[in-house]
Every structure is written in structure tokens, then in C-alpha cells.
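This structure is a prediction, so every number in the text was calculated from the model and none was measured. Computed from heavy atoms alone, side chains included, the values below leave out hydrogens, waters and symmetry copies.
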Amino acid sequence: MLIFEKSRPGRGACLLPECDVEVFMPEEKYKRESKLPLPEMAEGDLGRHYTELAKKCQGVNDGFYPLGSCTMKYNPRIDEIVANLPGFSEVHPLQPEHTVQGSMEVLKLGEEYLCEITGMDEMTFQPAAGAHGEFAGLLLMKAYHESRGEGEKRTKIIVPDSAHGTNPASAVMAGYSVFTVPSGADGCVDIEKLREAAGEDVAGLMLTNPNTVGLFDKNILKITEIIHGCGGLCYYDGANLNAVMGRVRPGDMGFDVIHLNLHKTFATPHGGGGPGSGPVGCKKLLADFLPSVTVRGEERLTFEKPKHSIGEMKGFYGNFLVVVRALAYIQTLGREGIKEASENAVLNANYMMHGLKDLYTMAYDDICMHEFVMDLSDLKKKTGVAALDIAKGLLDHGIHPPTMYFPLIVPEALMAEPTETEAKETIDRAIAVFRKLYEKASEDPEALHEAPKTAAVARLDEVEAARHPIVKYNHQDI
């Protein structure tokens, strides 16, 4: 039931003291023509309403959440505690620089640590999320080419067919045309097709490694060499950095610019609309185009805008408390802990994959990195049970579904990423549930078509929801 439906006239949730200062009301032309239709509820009823809603949610604290390519892992509580310290949480964005030197030290240390992890030379925390970081990185690339008098000539961005959907979207937003290069039979970039596409009109390549099917591209050095050979730049989508951080660095692979997802890899809860953070790092050749950066002066830290800056990407300096969490995470784990986290992510993914590969067809039957992709097209042909049905069936067992129908190059795809924070017992149970659902597909496919049965919400009409979404509440409908 909606909170508006529980509203009763005259009820309230707080008692405010009488105002002890003169009241100034806005001019009539600025006043509402009708009363704001806020719900009226007692405090106790309000608390119960939101507690009830919380119980219907499913997150990492509720159970296994193997959402591929999104790294839905447990984030240590210490990072939340640090981010909630009053010295950080109560900083005002308009305070003078000399009054927030501690906070600026957090930003500078964060830049230095993340540059070390990624192999970059400079970094900005301004972008508010991953796709925002992609856009910023592309603008850096564009500014670079324009500074060399090649802006009009270099109009194309190359994107693999397994790329995250935001990559081509960001490229178009930056004013580029997109050329898609296919994957080979091994799930990695087709080198010969890439060579054919690499010409003087190429501004750059957008790629993540390991890629979206969970494979580390064995030709990565050759790929970046080809792009550099035609005068282009190499952009690294950092969505999958959780698989390799501490082991290899994108900068050492030949990438010139990178965005990171602090809300995937570095300890900010992911999902629910934010907050996110998509810092952008780059090599020195692009540093002069960055938004404002933190600089160590002789006496104090300051914000400085590089000479040929693309301008600011967001008000003030990004989502600061997300950076606090990231810094706490990095300093808590240290150099060896960061490395161990990525190793355990890879171990867990391979362990789960090997526990299922005798039943489920793997899209690429090879050692994976942080995630693996199952192809359920054979199961669908034999039983009529699709990837969607298996995903819905998982909800009845308290497991959040993996990513469905992505990447697009795999039919009936289910992409699972168990992450490093899951125990062996949890993964063993997940394997058992996947196997049970596979058997049920043969024995009682109709039951899976109707799943979930025990979840807080039964199966929704997703086509209707997509075509006719209700995005606005009208209190007059009550």
C-alpha cells in the first residue's frame, strides 16, 4: 500500500516549537495555488511503513547477489563509519580552501593511490558516475585531437561488440560516430577486423579488460598498439577493474585514459540510484585538459584548473564522501589486500563456473576472470525454459538474479559475478540452487514460467511496465 493511501487528515509525525523569529512569506505570485498533497501519518505508522518496504528489498545484506559486470559486493562497515565522521560529513562545499585542508588531503591521497593502482599520471574525482566518467574521458580525447589540429579528421570511436551499452552512448554524446568491431570465436576482439577499422579517422578505442564475457584479452598489448599506430587513443572502461586491481594496470596495457567505478570496486554501496563516483585518470599527454585537480602547493593544497581544461564536469568536486569510503577501503586493505581481493574474485568465479559447466553451457569454456556467461539457448530449445525463467526462479531461493540477456553476443545469456566477499559455503549453495532449477526445467517447466512464487512481489508484466510505466503519482486517484 502506498503511503498516500495510509494518510489520514489531521495526523502528524512531529511537533515543532513555536517560531521565535519573524516570519517572512513569499509574494503571492510565488505561492502554490493548491495545498501540497503530503501524506498525514503518525510517527509510529510512518516508521512501520518504511520498515515494511525495507523488508521487501533484496540487497547484498539479504543474500547472494551475483549481478554480473556490476560487482555487487559487501562493503566493509568501517568505510561507512569513516565517511560519517563529522569532519567529513559536515563539510560545506563553499568553505574556503584553507578550512578544508584535511578533506583536500583525502582527495589528493585518493588521486595518488588510484593513479598507482591504474598506472595513470593524473586523476579527477569530478564525474558523478561511470557513464559520466566515460563522457569526461572522451572529452579529454577530443580536446587532445583538437589541440593537434586533427579534431575534424578524427570522428570515429571503435567499440567491441561485447562492450557495455554506455560506451557507444557516451561516444555519440561526445559527438563521435561509433564503429563496432566484432569478437572472435574466443570471445575477444577480432584482431584482423580491428586492423581493418584502424585508420586516420579513428579518435580512439573504448574497451574494458577483462571484457564483458569475463575474459582477459590475450592480445591486449597488440590492440592498444594498433590504435596508437593509427594516431588514436585508448580508453579503459574501469567497470571490471575488480578482477585485476593489484595484479595488472591499465596504464601498463597501453591505455591513455580510464574511468573507475568507486561504487563497484572501492566500497560504496552500488545500486538504488547512487551516490556514485566515476573518477577519470589519464596519462600526462591528456593531463592539461582535465577539469580542476588537487595540487600540493608550498604551504597548502589548492584546486587548480589546467591551462586547456575541458571545464568542470560537476558542481564543486564530485561526490566527496564516496572518495572518503574509497580511501578508507584502499588504506585498510593495503597493497597486498587489494591484490588478494582481485585474486579471490577470480577464484570464486572460476569455482562457481566449474560447479555448473557440466549442466549449463558456458558461452566461452575457458578460464574466466571475475565473471562468466552461461548460454541457455539449448535449455530453452529442450524445455521452453528461458534465461528469464531461471533468473526468476532464483528469487524463490533468496538469490538475486544474475545479469540477463547481456552481452548481446550471447543468446539467452546469464552472466554471474560472485565477487571476492562471498564464502565458499554461499557459492556452494548457489551452485546447488542453479542445478536444482536446471532439473526443474525438465520436470516442471510451467512452475518456472510462473516463478517467483514466494518473493515479496510475484512475476510482473515487464512488457506492460516498459511500454506504459507509471512514473507519476496522482493523489486524486485515491
Heavy atoms, side chains only, cut-off 4.5 Å: are [X] and [Y] in contact?
X	Y	value
M123	T118	yes
L376	K381	no
F266	L114	yes
F179	I157	no
F289	M141	no
K357	F372	no
P402	M415	no
L233	V257	no

In terms of heavy-atom contacts, does [atom1] of [X] have more than 12 from other residues, nucleotides or ligands at under 6.0 Å?
X	atom1	answer
K108	NZ	yes
L347	CG	yes
I78	CD1	no
K440	NZ	no
K453	NZ	no

Side chains of [X] and [Y]: do they bring a donor and an acceptor to under 3.5 Å?
X	Y	answer
Y351	D428	yes
H263	N319	no
D396	T454	yes
D161	S183	yes
N167	E134	yes
Q126	S292	no
Y236	H259	no
E417	S69	no
N242	K73	yes

### Task
Taking the six-membered ring of Y176 (Phe, Tyr or Trp), confirm whether the NZ or CZ of K142 is under 6.0 Å from its centre and within 45° of its axis.
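Positive - K142 is close enough to the ring of Y176 and near enough to its axis.
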
Shortest non-hydrogen contact from [X] toward [Y]:
X	Y	value
E412	A387	OE1-N, 2.9 Å
A441	L379	CB-CD1, 4.0 Å
E343	R247	OE2-NH1, 3.0 Å

Run the salt-bridge test on [X] and [Y] with the 4.0 Å N-O cut-off and return the result as yes or no.
X	Y	result
R195	E192	yes
R467	E464	no
E112	R296	yes
K193	D190	no
E80	R325	yes
R435	D358	yes
K218	D186	yes

Among [options], the one residue meeting side-chain contact (heavy atoms from CB on, under 4.5 Å) with [X]:
X	options	answer
P210	L215, V346, V244	V244
P306	L290, T124, L286, V295	L290
C188	D217, D366, V213, N209	D217

### Query
Should E122 and K284 be marked as a salt bridge (charged side-chain N to carboxylate O under 4.0 Å, His left out) after you check the CA-CA gap, both sets of side-chain angles, and the distance that decides it?
CA-CA 7 Å; E122 296 286 349; K284 286 181 181 177; over 6 Å; no

### Message
Does T294 form a side-chain hydrogen bond (donor to acceptor under 3.5 Å, both in side chains) with E111? I'd like the steps, not just the answer.
### Response
CA-CA 8 Å; T294 317; E111 291 173 11; 3.0 Å; yes

### Task
Measure centre to centre between the rings of Y317 and F303, then say whether the value is under 6.0 Å.
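Ring-ring flag for Y317/F303: true, centres closer than 6.0 Å.
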
### Task
Start with the C-alpha gap between E450 and K392, add the side-chain angles, then the distance that decides, and say whether salt bridge (charged side-chain N to carboxylate O under 4.0 Å, His left out) holds.
CA-CA 8 Å; E450 297 175 356; K392 297 295 186 184; over 6 Å; no

### Task
Decide yes or no on side-chain hydrogen bond (donor to acceptor under 3.5 Å, both in side chains) for N348 and H370, but give the supporting numbers first.
CA-CA 8 Å; N348 279 355; H370 61 305; over 6 Å; no

